[in-house]
Every structure is written in C-alpha cells, then in structure tokens.
Amino acid sequence: MGRRQARILLVWAFALVATSAMAAAATVEHTFNVENVTVSKLCEKHVITAVNGTLPGPMIRVTEGDTLVVHVLNNSPYNVTIHWHGIFQLLSGWADGPSYITQCPIRPGHSYTYRFTITKQEGTLWWHAHFSLLRATVHGALIILPKSGRYPFPTPHKQFPIILGEWWNGNVIDMETQAEALGVPTNNSDAFTINGRPGDLYPCSKKHPYKLKVVHGKTYMLRIISAALNNQLFFKIANHKFTVVAVDASYTKPYITDVVVLAPGHTVDVLLTTDQTPGAYYMAARPYVSAQNAPPPDNTTTTGILMYDKLPYTSPIMPLLPALNDTPTAHKFYSSLTSLVGSPSWIPVPTKLDEQMLVTIGLSVSPCGPNATCRAIPNVPTLRLSANMNNASFQFPTSLSLLQAHFSNVKGIYTTDFPDQPPLKFDYTNPANSNNSALLFALKSTSVKQVKYNATVEIVFQDTTVIGAENHPMHLHGFNFHVVGQGFGNFDPVKDPKKYNLFNPVIRNTVAVPVGGWAAIRFRANNPGVWILHCHLDAHLPLGLATAFVVENGPTPSSTLPPPPPDLPQC
C-alpha cells in the first residue's frame with residue numbers, strides 16, 4: 001500500500017470514528033410539571049411544590065455528549081426556574097437557570113424549554129429550583145454516564161442515588177416571606193431526609209424508611225447528593241467503609257473513609273462493598289454545625305436501612321456519628337480529597353494567573369427598610385441581617401437578568417466594580433470582632449467582576465468572625481475549579497501559597513470554606529456569559545452572600561455566547 005493510500009485510509013478511519021461518536025450522541029427529553037401536591041410527613045399533611053408529583057423529582061440519566069431537553073410547565077402558584085447544578089453550559093449560558101442572573105422566572109401558568117449539551121462531563125450532578133426556597137422540594141438527580149461505558153475503577157454491581165434533604169412542616173415560600181419581613185434567617189428544618197423519607201427516628205415515619213437491598217460480597221456505587229438547604233451533613237453506614245471515587249462529577253484518587261461530609265450542593269460518589277455479616281444496618285445523616293453565635297440547630301438524625309438480601313428484617317445496627325460540632329472530622333474529609341490525574345476531563349492547575357482576588361465572606365447588617373420592623377438585633381428594629389462578600393451585599397435585579405443586560409449592553413442593571421480585595425483590612429478571624437460596630441454594616445449593590453475570556457483566576461475565600469464565623473459552601477456556576485489550598489485563621493499571602501497543591505488538588509464546583517479559615521481556588525474563565533458565585537446555604541443567598549463573574553466573549557465563534565432563545569422568560 002502506498003503512502004497516499006495509507007493516508008486516505010487513516011483519514012477515513014478518523015472520520016468513521018468521529019461519525020460513530022456523533023451518531024452515538026442522543027437527545028434526551030423530559031417534561032417537568034411543577035405543581036402543588038399534598039403529602040403526609042411527621043404526622044401532618046402539607047402542600048408542597050414538586051415536579052411530576054414526586055419527592056425527590058425525576059432522575060435524569062444521560063451520556064456525555066447527549067443533548068438534554070427539558071420542558072418545564074409551571075402549574076404552581078409561584079415563580080420558578082430550574083438550575084442544572086454543576087453543568088458547564090458551554091455556550092448555553094441562557095439555560096443555566098438562576099433567577100435574575102441568566103433568566104427571569106417562569107411565571108405561574110407559563111412554560112419554558114431548557115436545551116443544552118453535556119460536554120466533557122461525567123458523574124453525579126443534580127438539578128433544583130433556583131427561586132426562593134423551592135429547591136427544598138423541587139430537586140432530583142442528574143446522572144451523566146461515561147461515553148466510553150467505562151469507569152476508572154471496577155464497574156460496580158449496581159448504582160443507587162442517595163439524596164439527602166431537609167423537610168419543613170410548613171410552606172417554605174411563606175417561611176421565607178416571614179423571615180424577609182423580620183430581617184432574620186429562615187427557621188430550622190423539622191427533619192432531614194434520605195430520598196425524601198425522614199426515617200424511623202421521627203414521628204409517624206417508622207413504616208416508610210428508605211431501604212436499600214444488597215447482596216453479600218458485591219460492590220455498589222452510591223451517588224450521594226446533598227439537596228439540603230442550610231445544613232452540612234455527616235453520612236455513615238454502620239460497620240461499613242466507603243471508597244470515595246468522585247466528587248461534583250470529577251474523579252478523585254480513591255479515598256477510604258467511614259464517614260462522608262457533604263455541604264449543600266455537593267455530590268460524592270462512593271464504592272460500598274457489602275462485606276459485613278449479613279443483616280440490617282442503618283445509613284444515617286446528621287448535621288455538621290459550625291456556625292458560631294447561632295440559634296440551636298436541628299439536632300436530629302435521618303436514617304435509611306441497608307438490608308442484605310434473603311434475610312428476615314432485624315433491628316438495624318446504628319452507626320456512631322460525629323458530634324454536631326466535629327470540625328476536625330469535617331476538615332479531614334474535605335482536605336484529604338485529591339483529583340485523579342489523567343482521568344476523563346481532568347485538567348492541570350493553572351499556574352500563570354491573570355486575576356488574583358481575596359474575598360471576605362460573612363454576615364453583616366443592613367437597614368431594615370421602610371414600613372418594616374426587624375428583629376435581627378434585639379432592641380434595634382431598624383436593622384436586618386444581611387451577608388456580604390468584600391463588604392458588598394448582593395442585590396438581585398428584578399427588571400432584567402444580568403445575562404440579558406450584558407448581552408444587550410443595557411446600562412443601569414449592574415456595575416463591574418466588585419473589589420478584588422477587602423475594602424477594609426482587619427483581623428478577619430479574631431473572635432473579638434464578632435460585634436465590632438465598625439465592621440457590621442454592608443451596603444447593598446449589584447456589583448460583579450468582569451474578566452477577559454480565557455483569563456486564569458485565583459480566589460482566596462476568607463471567612464470572618466463578624467457576627468459569627470461559619471463554614472460557607474461557595475458554589476460557582478459555569479465552571480469547575482481546583483481547590484489548591486485551605487486552612488484555618490487568616491490567609492497568609494506569603495506562607496500559605498507555598499503549601500498549595502498544584503499537582504492533584506481536588507476539582508469541585510462547590511467548596512466548603514473552613515469555619516474561621518480560608519480556601520483558595522483556581523479556574524480558567526473559558527465560558528462566556530454571566531455566572532453567579534454564591535453561598536449555597538439558602539439562608540445566606542437571599543441575604544446577599546453572592547456576586548457574579550461576567551466573562552467576555554472570545555475571539556472566535558466557538559468562544560462567543562449566542563443570542564438568547566426566543567422563548568426566554570421575561571421579567
């Protein structure tokens with residue numbers, strides 16, 4: 001065979017492979033009917049908002065490269081949007097879903113179709129409402145299977161989603177409205193749940209715990225998702241160990257542990273080998289509470305039951321869970337995770353930086369507002385609780401989404417002056433600053449950070465003790481990032497970068513910033529659009545613990561945000 005023929009055959013072979021890969025991609029279509037339904041939990045009946053009448057909502061299963069089409073019919077009495085948590089939305093930022101950031105809400109009686117392609121991602125993600133507190137009951141799993149059909153570990157016998165959530169005996173919209181009127185955080189939940197079920201330690205719940213039936217001697221994958229609103233959670237199964245193999249749809253170097261810690265928004269994939277004496281074992285979750293100077297938490301435990309097959313039901317064995325305030329256990333879990341170098345979609349850490357930011361995060365106070373009486377601070381009815389980043393408390397727009405304003409160059413919706421450094425330097429983690437009146441106030445603004453396409457960005461999140469320190473889960477839409485470092489106390493810009501892991505840091509979309517400490521992340525801004533960065537505690541997002549990145553278009557059509565779909569909801 002001559003060289004020319006060989007070259008033609010090689011080109012033909014590559015074309016055949018490419019065609020086969022394209023042909024393998026599918027369009028996966030779902031219809032979400034968002035409606036109010038009546039459910040019974042904890043001895044009471046309540047009306048909740050749910051998708052297709054179920055809690056959790058429908059599980060979406062796609063393969064990397066597929067196009068997902070979801071028709072959302074809003075038959076509830078509330079505005080709603082759906083966010084596809086962790087999906088990059090490459091050149092499809094209009095489908096990201098956060099209210100007033102990439103779209104206006106879908107009004108009651110209206111509909112909208114989300115359409116996007118899953119690109120360079122595989123693993124466990126999830127979807128949830130991104131309006132008010134509706135994600136308490138409007139959420140579900142989003143599983144992305146590898147296009148190759150193979151994992152970087154032995155294929156498990158079976159896979160199961162485990163969704164951890166919170167439950168309130170009441171209407172979460174009314175609850176938020178009342179909290180907003182009083183200028184205080186929302187109430188604690190009344191229960192935690194596993195796949196929508198509180199478990200048999202709660203009233204009227206013994207008959208219907210979540211049960212997972214397994215066979216002795218097999219290895220299973222548990223795709224654990226935290227749909228909790230305001231609590232981080234410890235999760236264990238009695239007498240069993242886990243091997244963590246992925247977090248936030250990014251593969252990890254296998255990490256063996258008997259406890260998993262998840263902040264709201266996190267996903268953790270673990271391998272579970274059923275190697276114990278056949279019987280019944282509780283899986284259990286309870287909160288990790290780091291907040292200082294806060295009201296008492298919901299100190300309850302949700303349970304499900306791991307049951308070895310072909311056995312009569314026996315009293316399950318209960319795991320010994322960490323204490324509520326066990327920060328060392330939480331920090332050990334978070335800081336022990338590393339990425340699996342060379343795995344699908346793994347990317348190296350950016351080492352040359354274009355943008356470096358130090359961002360303080362924490363609580364503050366703001367004016368209560370006209371015709372209101374607030375209760376955030378005893379005997380001071382003119383102030384409400386707020387939250388801020390670099391002393392800017394984010395104010396969501398209401399007349400136009402940020403992405404629409406950016407795309408159409410509409411002025412007056414936002415400003416691009418979010419500071420790269422705290423406007424006031426102080427001893428961020430000194431407990432004496434808890435009630436320092438000079439540090440309490442934060443101004444409301446819609447202030448964002450604008451960056452060039454493909455810029456490399458480092459953010460050091462610095463917790464503060466103003467009002468009270470807390471572990472804050474910070475979630476960035478549109479990107480994954482490398483968590484290159486984390487620690488306690490004030491970040492030291494000279495000493496701490498020398499300890500960064502620049503070889504195999506864990507890759508996430510949500511980082512739990514240590515209480516009274518800091519966390520450093522890096523990412524490449526290669527996705528044009530507007531992407532919100534916010535605390536994934538729903539008690540803090542409406543208080544203003546957020547900002548957004550405006551990523552400019554790149555030089556080519558493949559790096560330019562396309563126009564909005566014609567049916568994009570309007571304000």
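All values below were derived from every heavy atom in this structure, side-chain atoms included, with hydrogens, water molecules and symmetry-related copies excluded.
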According to side-chain contact (heavy atoms from CB on, under 4.5 Å), who are the partners of [X], at least two apart in sequence or on a separate chain?
X: D258; answer: K236, K241
X: A284; answer: T301, T303, M318, P319, L321
X: P56; answer: H139, I163

Does a side chain donor of either S339 or W346 reach within less than 3.5 Å of an acceptor in the other side chain?
yes

Quiz question: by atom type and distance under 3.5 Å, do the side chains of E44 and H46 form a donor-acceptor pair?
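Present: a donor and an acceptor within the cut-off.
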
In chain order, what residues pass the salt bridge (charged side-chain N to carboxylate O under 4.0 Å, His left out) check against [X], with sequence neighbours excluded?
X: D496; result: K499
X: D269; result: R223
X: R286; result: none
X: K332; result: none

Ring pair (Phe, Tyr, Trp, His ring centres under 6.0 Å) pairs touching residues 184-215, sequence neighbours excluded, are none

Applying ring pair (Phe, Tyr, Trp, His ring centres under 6.0 Å), which residue pairs with at least one partner in residues 273-304 are found, sequence neighbours left out?
F234-Y288, H240-Y281, Y281-Y308

Could you pull out all residues at least two apart from Y114 that satisfy ring-ring contact (aromatic ring centres under 6.0 Å, His included)?
W84, Y112

Any residue meeting ring-ring contact (aromatic ring centres under 6.0 Å, His included) with F153, in chain and number order, not counting sequence neighbours
Y151

Say whether, by atom type as modelled, one donor and one acceptor occur between the side chain of T274 and the main chain of G217 under 3.5 angstrom.
yes

Is there a donor-acceptor pair under 3.5 Å between the side chain of N195 and the backbone N or O of P161?
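Looks like yes, one N/O pair under 3.5 Å.
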
Which residues pass the side chain to side chain donor-acceptor pair (under 3.5 Å) test with Q486, sequence neighbours left out?
none

Is D200 salt-bridged to K206, cutoff N-O under 4.0 Å?
no

Please work out whether the ring planes of H536 and H475 are parallel, tilted or perpendicular, with thresholds of 30° and 60°.
perpendicular

